[in-house]
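Please read the structure below before turning to the comments.
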There are 2 protein chains.
Amino acid sequence: MTTSKKTSSPEQTPLEEAYPTTVEGLVLEERLGYALRRAQLKVFKHFDEAMREHDIRPAQFSSLVVIEGYPGVTQSNLAQTLSIDPPRVVSLINSLEERGLALRVRCKRDRRSHGIFLTKTGEALVERLKGLAEQSDLEATQSLSEIERRQLLTLLRKVYASEESDD
Amino acid sequence: MTTSKKTSSPEQTPLEEAYPTTVEGLVLEERLGYALRRAQLKVFKHFDEAMREHDIRPAQFSSLVVIEGYPGVTQSNLAQTLSIDPPRVVSLINSLEERGLALRVRCKRDRRSHGIFLTKTGEALVERLKGLAEQSDLEATQSLSEIERRQLLTLLRKVYASEESDD
DNA sequence: AGATATAGTTATAATAGGTAACTATTTTTT
DNA sequence: AAAAAATAGTTACCTATTATAACTATATCT
């Protein structure tokens, strides 16, 4: 406030309400990270609504789908697969186990690790959720044609799948 | 743990290390939200690295760019533009002001609001940052051709720009 | 047997994000 | 012109996410 370093003409006060509610034309519109964040915000909002009824968070959904696809997957596998940290997996699986959707089974071969399995309830739920998630995606991307939607998915995969060294 | 409800064959312990570190072939790969999150994770990681030297967070960068583009923008304008909440803007501008990058000027016309301006330092920094951000985007999306990158950006904009009612 | 590595866990901290309530102003209504 | 309502910004608070470090129990290596 006491800084005297000024640029434009600070004493000349902000004009009307003439300021934009979009960043149209701004360099920001060219930034991939910004576009990704905004798009993700929108898609996740739809997802949240779709899952509210079942009180399922994005990470829980992802976990359920992976466990369904690979019954007996270990927690460290899950961490790698979803690229989240082991401590995060613990609370994730805790929440699923508490709700009777999944369960840990101590591995006989290596008694340090747990295989994660879906319960019958979990299996039934994940089937339902997959349908809801697909519907939610469609709603969130109504502005895209079917071809564009596929294109977008392909491009996104291409971005995150390239494991240079990170991730 | 005491749940007796089982699905696959939990007693049969998890197989080797035969589990995947990708979700290849899984329904998850078809989910837009998942793809967006993973891509964003990657792009943001590069961005963080690029900005580390200047200790600038994504939201700070976005704010700086918007202020540069619309000198005298008010905090509520900024909140709308970036679709973040007013309280978030407060701490954002605080951090920029403390570092001498931006400053608030009480508006004469409407003394409730502040116009936000960049200082000379802020202007110089944002110029530098824009270059770094562009470079970071390119690095994060090495796997894309220039055309694909443009395509991706266009598609993402199309997703988040369609204001049906949300956002 | 002893050293080292791994799977999972706990505790903890940093941060993002959002809600509610408050102050100072301005605008609207009567 | 006074009272009521709306607005800009702020503060306090609360929750969820994410990362880090340290601990345990098992397993592997030499």
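Just so you know, these numbers use all the heavy atoms, side chains as well, and skip hydrogens, waters and symmetry mates.
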Checklist entry - Taking the nucleotide of DNA chain D with the closest heavy atom to each, which residue, Arg111(A) or Pro58(A), is nearer the 5' end? => result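 Final value for this comparison: Pro58(A).
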Next on the checklist: For a quick check, tell me whether the side chain of Arg112(A) and the base of dT6(C) share a donor-acceptor pair closer than 3.5 Å.
Outcome noted: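 Checked by distance alone, the answer is yes.
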Is there side-chain contact between [X] and [Y], with heavy atoms separated by less than 4.5 Å?
X         : Y         : answer
Glu127(A) : Glu123(A) : no
Gln60(B)  : Ser95(B)  : yes
Ile93(B)  : Ile67(B)  : yes
Lys42(A)  : Leu36(B)  : no

Next on the checklist: Would Arg150(A) and Glu30(B) count as a salt bridge (Lys or Arg N to Asp or Glu O under 4.0 Å) here? Give the steps.
Outcome noted: CA-CA 9 Å; Arg150(A) 280 240 74 76; Glu30(B) 295 293 313; 3.0 Å; yes
Next on the checklist: Under 4.0 Å from OP1 or OP2 of dG8(C): is there any side-chain N or O of Ser76(A) that close?
Outcome noted: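 For Ser76(A), the contact criterion (side-chain N or O under 4.0 Å from OP1 or OP2 of dG8(C)) is met.
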Can you measure [X] atom [atom1] to [N] atom [atom2] for me and round it to whole angstrom units?
X         : N       : atom1 : atom2 : value
Asp55(B)  : dA14(C) : CG    : P     : 15 Å
Arg37(B)  : dT17(D) : CZ    : P     : 11 Å
Gln80(B)  : dT7(D)  : CD    : P     : 11 Å
Asp85(B)  : dG9(D)  : CG    : P     : 14 Å
Arg57(A)  : dA16(D) : CZ    : P     : 8 Å
Lys108(A) : dA27(D) : NZ    : P     : 14 Å
Arg52(B)  : dA19(D) : CZ    : P     : 14 Å
Asp48(A)  : dA16(D) : CG    : C1'   : 12 Å

Item to check | Given dT10(D), dT26(C), dT19(C), the nucleotide with the shortest approach to the side chain of Asp110(B) | outcome: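 Selected nucleotide (nearest to the side chain): dT26(C).
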Checklist entry - With sequence neighbours left out, what residues match Ala35(B) under side-chain contact (heavy atoms from CB on, under 4.5 Å)? => result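 For Ala35(B) the side-chain contact (heavy atoms from CB on, under 4.5 Å) partners, ignoring immediate neighbours, are Leu153(A), Leu156(A), Tyr160(A).
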Next on the checklist: Short of 4.0 Å, heavy atom to strand atom, which residues of residues 87-96 of chain B count as contacting DNA chain D?
Outcome noted: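 Per residue number, the list reads Pro87(B), Val90(B).
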Item to check | Given Leu144(B), Leu152(B), Leu138(B), the one that forms side chain to side chain contact (heavy atoms under 4.5 Å, CB included) with Leu32(A) | outcome: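 The passing option is Leu152(B).
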